[in-house]
Amino acid sequence: MPATPDGPIGIYYEHPDWFRPLFAELDRRGVRYDRVDAAAHSYDPSENQSPYSLVFNRASPSAYLRGHGQVTFHTQSWLRHLERIGVPVVNGAACYEMETSKALQLDILEQLGLPYPKARVINNPREAPGAARKLRFPIVVKPNIGGSGAGITRFDSPASLEEAAQSGRIDLGVDRVALVQELAPLRDAHITRVEVLDGKFLYGINVYPAEDSFNLCPADICQTTDGKELSRAACAVDAQKNGMRVEQFKPSREIIREVERIAERVNLDVGGIEYLIDDRDGRHYFYDINALSNFVADGRNVVGFDPFERLVDYLVARISSGVATGETRAATPEREIAAAGGR
């Protein structure tokens, strides 16, 4: 057998702080697991068995911000290797490919017929002004491989974008690909993030971002909308508090169905899908699909339960069920029936 049924769970991660709540819950339950450092990792392509009963992929596209740029492409290779030899993977190769390409995310949304802010994809900074000609300003230039709002730059006029392109001040990021995308005015000054577990709705939150910030990491939120301080257990102990605020919110059944369709299409076992309401037309637009979900800070106070408890329930159930990958899970008859109903 390619996996070891009674072996530990391999938690493949890179950020030093985001996973402390997960590790704490695994320890509390007495679940055996190994911490697998994504920034210093090797594997043997000729192996046909893994010591793990399950691998949980928690690699972040923002690893390059912490000096770990090697993680992104190495992770994709290892996940494909694990799936080739039949090792169960949570958030596997197809899901991670989606996580590391905002351009691919838009193609998927287009394929599903779901709304997203208008955008163009470029691979040269000099193309940005031309790409923006049929878009409404303000626009953002958004690196294809991002994470935590990294590298996103706002431009309020064609002239400012042209000047930045000519002066070489536009950074397209790790793979030199970026989106030029409309920046919609937010209705009620918030975005909505919907978390899924096993590809199904887990909870929703409204996030009120700090002014001029594109970092909407839910674990970084420090207070509720009524001013209550939150415990940010997943973040560094010396992390500065920011101006973000959060409140629980349950989207309409229609939007939840759309979110679950996205999760099914990209084999998203656990993650967050974000959308906004454009204040100009009152319609919702999806703009980000996150395979790395840190969950909202202090979940009990915000959404009424600890998401990490349910996450560990899911991991243990995946070991018991023997479901190998998101692709296998998505193909079950029950899922096909649910998907048909969602359409």
Side-chain angles (χ1 to χ4, degrees), residues 60-66 69 72 98-111 114-193 206-217 220-221 240 242-245 273-290:
S60 169
S62 66
Y64 70 96
L65 298 175
R66 294 175 290 279
T72 300
M98 173 281 307
E99 166 81 338
T100 54
S101 176
K102 296 188 184 302
L104 176 58
Q105 292 181 23
L106 296 192
D107 258 338
I108 289 167
L109 292 171
E110 181 69 26
Q111 180 188 45
L114 297 177
Y116 57 88
K118 290 182 180 178
R120 304 290 184 271
V121 181
I122 62 173
N123 69 354
N124 188 308
R126 293 191 300 273
E127 293 295 308
R133 283 197 186 106
K134 294 185 178 180
L135 303 180
R136 292 175 293 180
F137 281 77
I139 61 97
V140 288
V141 177
K142 184 185 298 185
N144 194 42
I145 299 177
S148 300
I152 300 177
T153 306
R154 171 177 173 154
F155 296 94
D156 291 316
S157 68
S160 63
L161 179 61
E162 181 71 41
E163 192 279 328
Q166 293 298 327
S167 63
R169 292 190 292 107
I170 296 178
D171 183 4
L172 302 189
V174 176
D175 64 353
R176 311 303 298 158
V177 174
L179 304 185
V180 179
Q181 189 168 45
E182 291 186 359
L183 181 63
L186 302 180
R187 176 154 295 185
D188 298 326
H190 68 74
I191 63 93
T192 301
R193 182 178 175 110
N206 286 335
V207 178
Y208 295 77
E211 187 175 357
D212 297 326
S213 173
F214 297 103
N215 179 11
L216 301 180
C217 172
D220 288 344
I221 298 169
Q240 293 183 349
N242 51 60
M244 284 193 292
R245 295 174 295 120
I273 296 172
E274 296 177 2
Y275 69 90
L276 57 86
I277 305 296
D278 188 332
D279 198 42
R280 295 170 296 196
D281 60 19
R283 296 182 58 202
H284 72 281
Y285 295 87
F286 294 102
Y287 68 90
D288 202 10
I289 308 171
N290 300 278

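The residues of the chain are indexed from 1 along the displayed sequence.
Take Arg169 and apply the side-chain contact (heavy atoms from CB on, under 4.5 Å) test, not counting sequence neighbours, and it matches Glu163, Ala164, Ser167. Partners of Phe155 under the ring-ring contact (aromatic ring centres under 6.0 Å, His included) rule, at least two apart in sequence or in another chain, do not exist in this structure.
No donor-acceptor pair under 3.5 Å is formed between the side chain of Gln105 and the backbone N or O of Tyr287. The main-chain N or O of Arg280 is found under 3.5 Å from a side-chain atom of Asp278 such that the two form a donor-acceptor pair.
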Show, in sequence, the C-alpha distance, side-chain angles and deciding distance for Thr72 and Tyr64, and conclude whether the side chain to side chain contact (heavy atoms under 4.5 Å, CB included) test is met. CA-CA 8 Å; Thr72 300; Tyr64 70 96; 5.6 Å; no

Between Ile139 and Leu161, does a side chain to side chain contact (heavy atoms under 4.5 Å, CB included) hold up when you go through it step by step? CA-CA 9 Å; Ile139 61 97; Leu161 179 61; 4.0 Å; yes

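Closest approach of Lys102 and Lys142 over heavy atoms only: CD-CD, 3.3 Å. Pro143 and Gly173 make their closest contact through CB-CA, 4.2 Å (heavy atoms, listed as atom of the first residue, atom of the second, distance). When every heavy atom of Tyr208 is checked against every heavy atom of Ala189, the shortest pair comes out as CD2-O, 3.4 Å.
Rounding to the nearest 0.5 Å places CZ of Arg187 at 7.5 Å from CD1 of Ile277. We find the CD1-OG distance between Ile145 and Ser60 to be 11.0 Å, quoted to the nearest 0.5 Å. The distance from atom CD1 of Ile108 to atom CD1 of Ile289, rounded to the nearest 0.5 Å, is 5.5 Å. A distance of 10.5 Å separates CG of Leu179 from CG of Leu172, quoted to the nearest 0.5 Å. How far NE2 of His284 is from OG1 of Thr192: 10.5 Å, rounded to the nearest 0.5 Å.
Shown are Leu183, Asp288, Ile191; of these, the side chain to side chain contact (heavy atoms under 4.5 Å, CB included) with Leu276 is made only by Ile191.
Under the 4.5 Å side-chain criterion, counting only non-hydrogen atoms from C-beta, His190 is not in contact with Val207.
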Throw together a table of side-chain donor-acceptor distances under 3.5 angstrom for residues 115-128, partners on residues two or more places apart or in other chains.
unit_1	atom_1	unit_2	atom_2	d
Tyr116	OH	Glu110	OE1	2.7
Asn124	OD1	Arg126	N	2.9

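Taking a cutoff of 4.0 Å between a charged side-chain nitrogen and a carboxylate oxygen, Arg176 and Asp171 qualify as a salt bridge.
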